[in-house]
Amino acid sequence: MEDKQFCYKYPHPAVTTDCVIFGFDGSNLKILLIQRGIEPYKGKWALPGGFLKPDESAETGALRELKEETGLESAYIEQFHTYSTPDRDPRERVITISFLALVKLQDVKGGDDAADACWSSVHEVPQLAFDHDVILRDALARLRERIHFYPIGYDLLPEKFTMKELQTLYESVLGVRFDRANFAKKMLHLDILIQLDETVWPTPKREAKLYKFNLVKYKELKQRGFRLEF
């Protein structure tokens, strides 16, 4: 009898991928969620993801599921943790490989076995299916840790932005409030910002300078890291 590929004499678990995708709307940190269209947890909100095919890598599978379930593609994702609690999925023994990404907000829509997809404020996330509450909490902790050692913003902010928008991003991630002058001083000291000869009027009475990222310095700091204390 012919042997079947990927069939073995010993038990082996299924593997899934889950994606924690962060965005920023100028005021709040957002998380991309899908509403499950099938059991288990039909109707519940969850992170985008699904079962890995035998012939694809974890990253390839994660990007495929992300596109199929939300329409989002071309995201740069990075693996951040693996979850293997035996009872985390009621269907069978499932290990999931989780990925994290920072992206600019864009329209999303539910597809494949996702009934819907939306961006939700991280402060207003409903109870999620499976152990996705734990995964999201861990991803937020990783992001909050990273913000002290690596620059963020290029993947979340528009090309041109005000110092206030950058400060609001950091405040939204860390859940704190900064002194405006001290925050600007620290950011300018990193030398990752270029001040433009352009301004905007956020309010009729206040003019604000516009900045963009110095990508050469930004990528340099992203590679070697730094220490940013608030």
Side-chain angles (χ1 to χ4, degrees), residues 4-8 11-25 28-143 152 154-156:
K4 293 181 179 181
Q5 192 177 21
F6 305 118
C7 290
Y8 307 93
H12 55 287
V15 180
T16 59
T17 60
D18 288 302
C19 291
V20 185
I21 310 296
F22 291 111
F24 183 65
D25 67 357
N28 294 288
L29 187 67
K30 299 282 190 174
I31 183 70
L32 179 57
L33 300 176
I34 61 101
Q35 187 177 38
R36 289 185 56 79
I38 61 174
E39 296 291 354
Y41 301 107
K42 183 177 180 179
K44 283 277 194 177
W45 291 94
L47 299 171
F51 285 94
L52 192 65
K53 294 181 179 179
D55 60 348
E56 62 185 1
S57 69
E59 182 174 340
T60 299
L63 290 171
R64 172 183 54 77
E65 286 285 349
L66 188 60
K67 181 180 179 181
E68 290 176 355
E69 292 192 330
T70 71
L72 185 68
E73 55 183 328
S74 301
Y76 169 76
I77 60 175
E78 57 182 79
Q79 187 177 148
F80 80 93
H81 199 64
T82 298
Y83 296 84
S84 58
T85 303
D87 61 352
R88 60 175 304 277
D89 192 313
R91 291 168 294 189
E92 59 178 312
R93 177 78 163 93
V94 178
I95 293 173
T96 196
I97 303 169
S98 294
F99 290 83
L100 185 152
L102 307 177
V103 304
K104 290 179 173 61
L105 286 185
Q106 54 189 279
D107 292 337
V108 293
K109 60 180 180 180
D112 193 27
D113 56 3
D116 196 6
C118 74
W119 292 98
S120 172
S121 168
V122 294
H123 303 297
E124 300 174 355
V125 174
Q127 184 175 1
L128 302 179
F130 305 103
D131 56 353
H132 291 186
D133 291 304
V134 175
I135 297 175
L136 175 56
R137 185 181 67 228
D138 291 348
L140 274 168
R142 176 68 63 88
L143 181 60
I152 70 166
Y154 177 71
D155 296 310
L156 295 168

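Side chains are part of it too, since the values below use all heavy atoms of this structure and drop only hydrogens, waters and symmetry mates.
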Exercise. Within the distance-only criterion (no hydrogens, no angle test), does the side chain of D133 pair as donor or acceptor with the backbone N or O of Q127 below 3.5 angstrom?
Worked result: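 Not confirmed, D133 side chain does not pair with Q127 backbone.
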Exercise. What salt bridge (Lys or Arg N to Asp or Glu O under 4.0 Å) pairs are there with at least one residue in residues 32-51, not counting sequence neighbours?
Worked result: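 Those involving residues 32-51 do not exist here.
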Salt bridge (Lys or Arg N to Asp or Glu O under 4.0 Å) against [X], all qualifying residues, sequence neighbours excluded:
X    : value
K67  : E73
K30  : D25
D116 : none
E56  : R64

Less than 4.5 Å apart, any side-chain heavy atom of [X] and any of [Y]?
X    : Y    : answer
L72  : P48  : no
Y76  : D155 : no
F22  : L136 : yes
L47  : I34  : no
P13  : E92  : no
I135 : R88  : yes
C19  : E65  : no

Between [X] and [Y], what is the shortest heavy-atom contact and its length?
X   : Y   : result
A58 : T17 : O-CG2, 3.5 Å
P40 : R91 : CD-CD, 3.4 Å
L52 : S57 : CD1-O, 3.2 Å

Problem set entry | With V122, the side chain to side chain contact (heavy atoms under 4.5 Å, CB included) member among L29, L143, N28 |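 Looking at L29, L143, N28, the match for V122 under the side chain to side chain contact (heavy atoms under 4.5 Å, CB included) is L29.
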Donor-acceptor pairs under 3.5 angstrom involving side-chain atoms of residues 95-108: please list them, not counting sequence neighbours.
residue	atom	partner	partner atom	Å
T96	OG1	T16	O	3.3
T96	OG1	T16	OG1	2.8
T96	OG1	D18	OD2	2.7
K104	NZ	Y154	O	2.6
K104	NZ	L157	O	3.3

Problem set entry | ring-ring contact (aromatic ring centres under 6.0 Å, His included) contacts touching residues 40-65 (sequence neighbours left out) |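 Passing the test, one end in residues 40-65: Y41-F130.
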Exercise. Hey, what do you get for CD (E68) to CG (L63), rounding to the nearest 0.5 Å?
Worked result: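 Here the rounded value is 11.0 Å.
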List in chain and number order the residues that pass side chain to side chain donor-acceptor pair (under 3.5 Å) with [X], two or more places apart in sequence or in another chain; answer none if no residue qualifies.
X    : answer
T82  : none
E78  : R146
S120 : none

Exercise. Among all residues two or more places apart in sequence or in another chain, which pass the ring-ring contact (aromatic ring centres under 6.0 Å, His included) test with F80?
Worked result: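 Per chain and number, F80 pairs via ring-ring contact (aromatic ring centres under 6.0 Å, His included) with no residue.
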Exercise. Are I31 and L140 close enough, and set up right, to give a side-chain contact (heavy atoms from CB on, under 4.5 Å), and what steps lead you there?
Worked result: CA-CA 10 Å; I31 183 70; L140 274 168; over 6 Å; no
Exercise. Of all residues at least two apart in sequence or in a different chain, which pass the side chain to side chain contact (heavy atoms under 4.5 Å, CB included) check with E124?
Worked result: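 Result, side chain to side chain contact (heavy atoms under 4.5 Å, CB included) vs E124: S121.
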